[in-house]
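Here is the structure we will look at, set down as structure tokens.
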Amino acid sequence: MTKLFRSISLRRLPRHLVPVGVLVLSLLLTTGVCVLLGLAARGRDEARFENLVQATSDRIQRRLDTYIALLQGTEGLFATQQEVLPEEFSAYVNLFDVPSQYPGIQGIGFTQRFSRNARAQVEQRARTATGLPGFHVWPEVPGDELHSIVLLEPRDMRNRAAMGYNMYSEPSRREAMARARDTGLPALTGKVTLKQEIRENKQAGFLLYLPVYEGGHVPATLEERREKLEGFVYSPFRADDLLNGIFGAEQQPRVAFHLYDGLEVDEVRLLHSSHGPEARASRPMFTTTTTLLVGGRPWTLTFASLPAFDASASGPMVLPFVGLGVLVSLGFFFMMLAQVRARGEAERSADGLRVALVERAHVEDQLREADRRKDDFLAMLAHELRNPLAPVLTAVQLMERKQQAGLGTEREREVVERQVHHMRRLVDDLLDVSRVTRGKIQLRRHSLDLVCSVGRAVDAARPFADSRKHSLNVELPDGPVWTDADPVRLEQVLTNLLHNAAKYSEPGGRITLTLAREAREAVVRVTDTGMGIPAEALPHLFEPFMQVARTLDRAQGGLGLGLTLVKQLVEMHGGRVEAWSAGVGRGSIFTVRLPLLPEERIPVVPVAAPAEREVSGDGRRVLVVDDNVDAAELLGDVLEMDGHQVTVVHDGLAALERMSAIDPEVIFLDIGLPGMDGHEVARRIRARPGGAAPKLVAVTGYGQATDRQRSREAGFDAHLVKPVEIDRVLELVADAGGNGSDASVLN
């Protein structure tokens, strides 16, 4: 005690408070002694309660073990005889005086296994042997294996109601029977309503099965046990009758219990309650839960002490210690109060230091992460720039050798051009992000119909989607959707999102772009069925150079800057962009929201009546060339309906062969033909000597500027991107007389 006082500084307390502190400490010590005495007494009472719980569980277990032994003896009866007649079985069961000696058991029976083909024979035999002319197997359920009750004693009114019942028709019974069959051991069902419950006061019940095998012994293997099973001896139980028979003789029970089927405490699974609601109304001193394993199935028992037990509990004798320790307790109280205050100040100082250290560590982690991202990005940039440089270098070397050998170098030039365009897109992405971040991009905004921007973006993205064999669907509202935007930058946003969806979707995916008005916003959603986005990556998806984005980009190339650029451009327009995904492999949705243009600023656009085309009475001679038979034939049908003479072929050689015979005025030529492509066919047509030059129209799924340039170089007058508009087709045919280059179409 002296050492304790020396370790505590009392200089902050006035001297006259020291006795009070000693009093408080004495009270605390006294309280501690009282608590220890109370805990010891409670420990003794808890041990008595646990003994009662164990004794109750043991009584239930022993009674059920007795019933299992009874069934094992009955199984022995079937094992020692080739056939057990109903009168023999009745005599055997009557020896045990089941109703009085084994309360709770409804009877002892035998369920026979047979196939559906043997059903009539079993029914006829049971009617003759048991004296039950109305015996039949019920209910009617599908399945070839039947297990019908053919013996059940004592044959009272309840048991007669269950005769013939097919045990295999009910899931809980069927599960227990299968378990008994496969293990050769007793098996208990879950909670069921017995078929003997023909009166209003129905009780919860269960059944206990023991398998009977051919030969009277348990086969060694699972296959043999399933093959040689003849049936089951079993007993049905009414749970309340069983438990009341075990504990009904107690004069003054001290614990209440509830018995549940399985491992869950649920009113639906309740088999028996030892006491009514009045027992639950009082707050018990002790409660506990235990489990029993009966016939391979667990039971859960919840116990609570009853008032008879709580009244006999011992209590600590603390009153003699209260007066003795009052002064000492008060003294210790004030001394400890001073120590707590001092410790609180020290802990607050320590907490402040810990917070500062945590913040410093967080800043250091952010710096390390930024440095790691920088290194990763530089490595990625080097990788992406080296990728196109490798084929460029190889192509240059091949061009040198082919020139020396006098060979053509067109393929190598195309490779160089394609890879240079790829490098240019990488550099453009970097420059765009840099310019937006530094505020160097000036938007040229004006009133814009989003429907038109969506159409241009879809046209730009469709060739890449088609090359990946994706279906690209567009859902537009009725009428225009006006906003204030830069058309070039907005088309860049939408094209990036569509290209991103196509790039990260497996071939054959589905991409849907929808445009709608929601409140005061125009909402564009791009939905895909692609690889999806991990939940942890969603908050960082629009950040540049993120690890998740780079990992995904490695599959298709790119710097991972497209979404960053999309977010910055949308926000410059006063909108916002969001991403959502249900997870990896479950697709994603990108949503762009832009403010709608106020009604007073919506421009009035006059609607011009479509100009009527004048078609000569004889029409024009038209040649359609497309390896897609359906597309070619349908386009031919449309032109024939417009009064033109149409010839349809499906490859380039056939087109060249028919030229002299039909001398077409207009040719619709697919670029992606098998063998000789559309560009080569066009060049050969233009090279033919003599005759009038026909109007050549390219029909293709490729609509980039380079594609249109190749069409022009091959000699095409117009370039249409699939799916083509019928009005435009008919307009081109009607205007074929000029045979001039249609620059507005090709550019």
Side-chain angles (χ1 to χ4, degrees), residues 425 428-429 432-433 435-436 441 443-468 470-505 509-518 521-530 533 541-542 549 553 556 558-581 587-597 701-705 707 721-723:
R425 286 196 299 271
D428 285 346
D429 279 350
D432 279 345
V433 171
R435 285 195 293 263
V436 171
I441 286 185
L443 297 181
R444 299 178 180 179
R445 300 170 65 170
H446 59 77
S447 300
L448 176 68
D449 180 7
L450 275 177
V451 175
C452 298
S453 294
V454 168
R456 287 191 294 270
V458 170
D459 287 342
R462 188 178 295 278
F464 181 65
D466 290 344
S467 70
R468 301 274 294 170
H470 297 319
S471 65
L472 177 55
N473 304 314
V474 181
E475 299 176 5
L476 301 175
D478 296 333
V481 179
W482 293 97
T483 186
D484 185 38
D486 183 327
V488 175
R489 291 303 180 180
L490 190 55
E491 183 178 343
Q492 183 180 6
V493 167
L494 300 178
T495 305
N496 273 358
L497 291 179
L498 290 170
H499 193 274
N500 197 65
K503 183 165 62 173
Y504 298 121
S505 296
R510 186 172 65 256
I511 303 170
T512 303
L513 184 148
T514 62
L515 172 62
R517 304 178 189 87
E518 296 182 6
E521 293 179 325
V523 181
V524 180
R525 288 188 176 88
V526 177
T527 305
D528 64 70
T529 58
I533 306 167
L541 197 61
F542 295 98
D553 277 351
Q556 297 294 337
L559 298 177
L561 297 174
L563 293 180
T564 302
L565 189 59
V566 165
K567 180 175 185 293
Q568 293 171 338
L569 289 175
V570 170
E571 290 179 349
M572 289 177 66
H573 282 83
R576 63 189 189 277
V577 62
E578 305 161 349
W580 181 88
S581 175
S588 57
I589 301 175
F590 286 85
T591 304
V592 174
R593 299 179 181 274
L594 296 170
L596 287 172
L597 197 66
Y702 299 98
Q704 298 289 343
D707 301 316
V721 179
K722 295 179 179 179

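Since the model is a prediction, treat every value here as computed from it, not as a measurement. We're numbering straight along the sequence, starting at 1.
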**Report entry** Ser581 side chain vs Gly587 backbone, donor-acceptor pair below 3.5 Å
**Finding:** yes
Requested in this report: Drop me the distance from Leu513's CG to Asn473's CG, to the nearest 0.5 angstrom.
Outcome: 10.0 Å
Report task. Let me see the working for Leu515 and Val523 under side chain to side chain contact (heavy atoms under 4.5 Å, CB included), right down to the final yes or no. Result -> CA-CA 6 Å; Leu515 172 62; Val523 181; over 6 Å; no
Query raised in the report: In Å, rounded to the nearest 0.5 Å, how long is the span from CD1 of Ile589 to OG1 of Thr527?
Result: 4.5 Å
Query raised in the report: Within the side chain of Arg468, is there an N or O that forms a donor-acceptor pair under 3.5 Å with the backbone of Ser505?
Result: yes
Query raised in the report: Is the shortest heavy-atom distance from the side chain of Thr591 to the side chain of Val577 under 4.5 Å?
Result: no
Query - From Thr514 atom OG1 to Leu476 atom CG, the distance as rounded to the nearest 0.5 Å - result: 9.0 Å
Requested in this report: Kindly determine whether Val526 and Leu498 satisfy side chain to side chain contact (heavy atoms under 4.5 Å, CB included), including the steps that lead there.
Outcome: CA-CA 7 Å; Val526 177; Leu498 290 170; 4.1 Å; yes
Query - Name of the residue among Gln568, Lys567, His573 meeting side-chain hydrogen bond (donor to acceptor under 3.5 Å, both in side chains) with Glu571 - result: Lys567
Query raised in the report: Can a salt bridge be assigned to the pair Arg576 and Glu521 using a cut-off of 4.0 Å between side-chain N and carboxylate O?
Result: yes
Query - Shortest non-hydrogen contact from Ile533 toward Ser588 - result: CD1-CB, 3.9 Å
Query raised in the report: So, for Ala579 and Leu541, which heavy atoms are closest and what is the spacing to 0.1 Å?
Result: CB-CD2, 3.6 Å
Query raised in the report: Side chains of Leu443 and Arg489: closer than 4.5 Å at any heavy-atom pair?
Result: yes
Query raised in the report: If you measure from CG on Leu563 to CZ on Phe542, what distance do you get to the nearest 0.5 Å?
Result: 5.5 Å
Report summary line: Closest non-hydrogen atoms of Leu448 and Ala485, given as atom of the first, atom of the second and distance, are CD2-CB, 3.9 Å
Query - Nearest heavy atoms of Asp528 and Gly530, plus distance in Å - result: OD1-N, 2.8 Å
Query raised in the report: Has Arg456 got more than 12 heavy atoms of other residues, nucleotides or ligands less than 6.0 Å from its CZ?
Result: yes
Query - Atom pair CD (Glu491) and CG (Asp459), whose distance is rounded to the nearest 0.5 Å - result: 9.0 Å
Query raised in the report: Between Ser447 and Leu597, which heavy-atom pair has the shortest distance, and what is it?
Result: OG-CD2, 3.4 Å
Requested in this report: Kindly determine whether Arg525 and Glu578 satisfy salt bridge (charged side-chain N to carboxylate O under 4.0 Å, His left out), including the steps that lead there.
Outcome: CA-CA 9 Å; Arg525 288 188 176 88; Glu578 305 161 349; over 6 Å; no
Query raised in the report: Backbone N or O of Gly509 within a donor-acceptor pair of the His470 side chain at under 3.5 Å?
Result: yes
Query raised in the report: Should Gln492 and Leu565 count as side-chain neighbours, where that means a heavy-atom distance under 4.5 Å?
Result: yes
Requested in this report: Before giving the answer on side chain to side chain contact (heavy atoms under 4.5 Å, CB included), spell out for Val481 and Arg517 the whole-Å C-alpha distance, their side-chain angles and the decisive distance to 0.1 Å.
Outcome: CA-CA 8 Å; Val481 179; Arg517 304 178 189 87; 3.7 Å; yes
Query raised in the report: Can you tell me how far CG of Asn500 sits from CZ of Phe590, rounded to the nearest 0.5 angstrom?
Result: 5.5 Å
Report task. Search all heavy atoms of Leu594 against all heavy atoms of Gly575 and return the closest pair with its distance. Result -> CD2-CA, 4.2 Å
Query - Min side-chain heavy-atom separation His446-Pro487 under 4.5 Å - result: yes
Query raised in the report: For the residue pair His499 and Phe464, does the interplanar ring angle fall in the parallel (under 30°), tilted (30 to 60°) or perpendicular (over 60°) class?
Result: parallel
**Report entry** Full working for salt bridge (charged side-chain N to carboxylate O under 4.0 Å, His left out) between Asp486 and Arg445
**Finding:** CA-CA 4 Å; Asp486 183 327; Arg445 300 170 65 170; over 6 Å; no
Query raised in the report: Is there a side-chain contact between Val524 and Leu494 (heavy atoms, below 4.5 Å)?
Result: yes
Query - pair Leu596-Thr483: side-chain heavy atoms closer than 4.5 Å - result: no
